[in-house]
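Following: one structure in structure tokens, then a few remarks.
Worth knowing before you read on, the calculation uses all heavy atoms, side chains too, and leaves out hydrogens, waters and symmetry mates. One is the number of the first residue; the rest follow in order along the sequence. This is a predicted model, so every value here is computed, not measured.
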Amino acid sequence: MSNPRLRDPLRRPPFRRLAISFSVNEMGDWVGIIALSVLVYERTGSAMATAALFLGTGFLPALMTPFFVARLERPAPRFVLPTIYAGEAAAFGALALLADNFSLAAIVVLAALDGALALTAKTLTRAVTAVMLEPEGELRAGNAVLNIAFTGGAAVGPALAGGVVAGFGVQSALLLDAASFFLIACIVLTARPLPQAEPEPEAPLRQRVRAGLDYVRANATLRRLVAAEAAVFVFFSLVIPIEVIYAQQELGLSAAGYGLMVDAWGVGMVLGSTVFARLRRASLPALLFFSTVAIGGAYFGLAVSQTLLAACAASVLGGAGNGVQWVSTVSAVQELTVPSMQARVLGTLESSVSATPGIGFVLGGLIVTQWDTRVAFLVAGVGVMAIVVVAALALGRNWPPGQGKERPGTVDADDEAMVELIPAESLVQPRSEVLK
């Protein structure tokens, strides 16, 4: 199969169910974080308490996820994934109870646990997808489908959360979230048996976690790619806490105008996921390069925008880059990783990009305290572009074909075979075989 169509993976009933669960998982994450943000701010009136919630749902899960993945990659995914989703349902049920018996510490702990479960579910879903579709040459198409499911969930989740919270209250939103996770647990449990990569022989949990980290360290291309993605997420996240201040103070927008600007980014993500789906033969390094540059360019555009229309146009550009950048990174990491290490390596990637946004949150707050939000967007743009340049120089120009299959865990000779971030030739390149 030289160029699988987007619908080819969807002909597999187990994959269809995984795609549905992936979308609902992302949608539920958005409903949960928005409902909890409203709850925490209403009960405390403290921006620092809300920041603690964001750090708890980002940084703490990043520490827990590698251990969860290493522990849960061995049992059959048909039963592990529903168990994880049932755990998320229970966590949101407990959080709904805390709406009447408020405790900030308990909310942060439960939200962190749910965040770790969500990252673990996404990681294992990606690993199962790789084992299911890679032998048929359909992994790129499958990742495109999951990306559409992801961006669709991200687009619907905030609007759904806002409507439910406004109409029925925080507790109802959290209970609805719990029900959604219970539903996808049932959907996956009733699927056909899901394929599973054969992990390495049984070893202590700590040793299995270390094996994933060692695999990344031993592969020069993979190590630098994961490091670059973690670094760029600092600047991707720098503007998140200050967007509402930017909308009100710099553009003079109402809450509705701010919502339009945020929605424009979501529209761009959906467009970007469509672009990735259509460019199934495009070079992954080229997609990584141009999508990251698009996000940096969007931050420059927001730094100089004077009207809502201009800000929305920049947001659509950034969202489109966002809709391509992450799935291209995941596809590249999968390409560089042997099947038995997929879950642990993807868990390392997820953890890395979940831990670094905390640095961005703090940096953004400090910049706004000293200067203003336009400077924060400018710094974000400069940071993104600088990492693109540094990564291009550090990683080189040659994508190592079949590295994940043929030379697992090795460093290339003279450290020369590395990912191409600045494409030397055209965007779409002919291939004798489908890249994963």
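- At least one side-chain heavy atom of Leu124 sits less than 4.5 Å from a side-chain heavy atom of Ile84.
- Residues Phe300 and Phe377 keep their aromatic ring centres 6.0 Å or farther apart.
- Nearest heavy-atom pair across Val170 and Ala35 is CG1-O, 3.6 Å.
- Going from atom CG of Leu287 over to atom CZ of Phe276 covers 6.5 Å, rounded to the nearest 0.5 Å.
- Heavy-atom neighbours of Phe102 CZ from other residues, nucleotides or ligands within 6.0 Å: above the threshold of 12.
- Atoms CZ and CD1, on Phe15 and Ile20 in that order, are 10.5 Å from each other to the nearest 0.5 Å.
- Between the OG1 atom of Thr44 and the CD1 atom of Ile107 there is a distance of 9.5 Å, given to the nearest 0.5 Å.
- Of all heavy-atom pairs spanning Pro61 and Gly115, the tightest one is CB-C, 3.6 Å.
- In summary, of the residues considered (Ser180, Cys186, Ser21), a side-chain contact (heavy atoms from CB on, under 4.5 Å) with Tyr85 occurs for Ser21 alone.
- Rounding to the nearest 0.5 Å gives a distance of 11.5 Å between CG of Leu146 and OG of Ser273.
- A pairwise comparison of heavy atoms in Ala19 and Val145 identifies CB-CG1, 4.2 Å as the closest pair.
- Atom CE of Met132 is separated from atom CG of Leu18 by 5.0 Å, given to the nearest 0.5 angstrom.
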Stepwise side chain to side chain contact (heavy atoms under 4.5 Å, CB included) check, Thr190 with Arg17: CA-CA 9 Å; Thr190 55; Arg17 296 190 180 218; 2.6 Å; yes
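- Residues Ala332 and Leu225 come closest through the heavy atom pair CB-CD2, 3.7 Å.
- Atom CG of residue Leu238 and atom OG1 of residue Thr356 lie 11.5 Å apart, to the nearest 0.5 angstrom.
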Audit row: Val293, Val388, side chain to side chain contact (heavy atoms under 4.5 Å, CB included) steps and yes/no: CA-CA 7 Å; Val293 167; Val388 169; 4.3 Å; yes
